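The model shown is predicted, which means the values in this text are computed figures rather than measured ones. Every number for a ligand or one of its atoms is a count from 1 in the order of the listing. Keep in mind that the numbers below use all heavy atoms, side chains included, and drop hydrogens, waters and symmetry copies.
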Amino acid sequence: MFDEEEVEKLRLAGRIASEVRRWAAGRVRPGKPLLELCEEVEGEIRRRGGEPAFPCNIDINEVGAHYTPPSGEQATIPENSIVKVDLGVHVEGYIADTAVSVCLSPEYEILRKAAEEALKAGIQAMRAGVRVSEVGFAIQKTIEGFGLKPIRNLTGHSIGRYLIHTGKHIPNVGGMDGLRVEEGELYAIEPFVTLRSAAGEVVGGPCGNIYRVSKRKLPKEREERRLMEEILERFSTLPFTSRWLKEASSQAFKELVRGKYVSCYPMLVERTGKPVAQAEHTVLVLKDGVEVLTE
Ligand code: MN
Ligand code: MN
C-alpha cells in the first residue's frame, strides 16, 4: 500500500510520463535517428523533474520490446513502419510506465487501434478483487474483435518502489489464473497486438542494450570495481543502458557483462516476424476501479 504522500509522487511520475509520451509520439517520423529520439525523451523526463525509470525503448515493426539504441547508433526510423515508444519515469523511486504506438503506414492503424481499445477494456475490468485472468480475457476479447491476435507471452506487471516488476502479471489473454488484484497495488497494463496470421508470441533475440545488475558483488580489478560501484549507486534495482555510462569505461563494462555482474535483456521479437502494436498505462487499484496515472 502507498500512503498519500507516496501516491502524490506516483501521480507526478504519471503526469510527466504522460506528457513525455505525447511529446515523443509527435517526434516520430521517418529518418529520425533513434538515438536522438531516445536522448530527447530522457532529457524531457529530466527537464520535467523526473528520472528515467529505464532507458527509452524504441521498438520497430516485429520487435515487441526491449530495444534502446547504444551510443554511436546510426539507425533511423524506417518509412512505413510501426514504432513503439515505451518510457518509464520515477520520482524518488515511484514509477510510472507508459507506451504508445505510432503508425507510419495506414495499414498498421488497426493494430494501434486494437491495442488502445484493449487497454481501455483492461482498465475497465481492473478493480480490487478481480482475477488477473478476467482482465486478460477482456483484453483478448477486444483484440480478437478486431480480427487480430494478442501476444500471449507478454504481460502487464505489478510495480513497486524502485522495482519495475514485483512478480504479479496482467496477462493479455484469458486463462485459469486465479490470482487476484488487490486494493492499493500499482500495475502497468500493456496489451500487445499482432496479426491473426502471426504466432502471437515473442522470442528472445540479441541484446537490446538494456541491462540490469545480476550480481550485487564487486569485482577485484580496479576499473571494473569502480564502474560496478557507480552502477549500483546510480541504478541499483532499475534497468539502465551502457549509453548512460562514460565512454571511457566501455572495456570495464564488457568485463562486467562477461563476469555476469550485469546482464542484458534480450530484444523480444514476434516469432513469425509480424508487426506488433502496444499501448500501456500505469494504474493504481482502488476498491471499485483504478486511478489511471498516465492518462
Ligand atoms: Mn513499458
Ligand atoms: Mn511495462
Side-chain angles (χ1 to χ4, degrees), residues 10 13-25 28 34 37-38 41-42 44-45 50-60 63-69 82-91 93-102 112 115-116 118-120 122-123 126 132 135-136 139 150-173 181 185-193 202 208-212 235 237-241 265-270 276-285 290 292-295:
L10 285 170
R15 210 150 50 225
I16 295 168
S18 167
E19 284 177 18
V20 177
R21 183 195 65 234
R22 286 165 203 274
W23 181 90
V28 172
L34 304 185
L37 181 58
C38 272
V41 163
E42 292 159 7
E44 286 296 314
I45 291 170
E51 283 292 324
F54 50 81
C56 162
N57 286 222
I58 299 190
D59 300 303
I60 295 168
V63 180
H66 294 171
Y67 183 78
T68 199
I82 179 166
V83 180
K84 282 80 69 188
V85 180
D86 190 331
L87 60 101
V89 175
H90 81 86
V91 171
Y94 298 96
I95 298 169
D97 181 2
T98 190
V100 65
S101 295
V102 180
R112 187 195 63 78
E116 291 291 343
L119 176 55
K120 279 186 203 158
I123 289 170
M126 278 291 275
V132 296
V135 181
I139 290 170
I151 303 272
R152 61 180 166 270
N153 61 345
L154 286 174
T155 69
H157 46 95
S158 55
I159 300 175
R161 189 174 183 203
Y162 287 111
L163 295 167
I164 305 284
H165 292 260
T166 54
K168 285 174 85 172
H169 299 276
I170 303 292
N172 290 320
V173 292
V181 169
E185 286 181 325
L186 183 67
Y187 282 94
I189 307 178
E190 48 184 316
F192 288 83
V193 180
V202 288
N209 312 304
I210 302 170
Y211 296 86
R212 65 188 156 83
F235 314 120
T237 50
L238 291 173
F240 64 95
T241 176
Y265 289 92
M267 287 161 71
L268 298 174
V269 185
E270 206 290 318
V276 177
Q278 174 200 18
E280 180 175 25
H281 278 312
T282 295
V283 305
L284 188 61
V285 181
V290 293
V292 181
L293 298 173
T294 50
E295 195 74 78

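Taking CG of N153 as the reference point, atom CG of N172 lies at 10.0 Å (rounded to 0.5 Å). Taken from NE2 in H157 to CD1 in I159, the straight-line distance is 5.0 Å, to the nearest 0.5 Å. Here the OG1-CG distance, from T237 to L163, works out to 4.5 Å after rounding to the nearest 0.5 Å. Note: I16 CD1 to T294 OG1 = 12.5 Å, rounded to the nearest 0.5 Å.
Residues satisfying the salt bridge (charged side-chain N to carboxylate O under 4.0 Å, His left out) criterion with R112, sequence neighbours excluded, are E109.
Annotation: cation-pi geometry not satisfied between R212 and F235 (NZ/CZ under 6.0 angstrom from ring centroid, within 45° of ring axis).
Protein N/O/S atoms closer than 2.8 Å to the Mn ion (ligand 1), listed by chain and residue number, are D86 OD1, D86 OD2, D97 OD1, E280 OE1.
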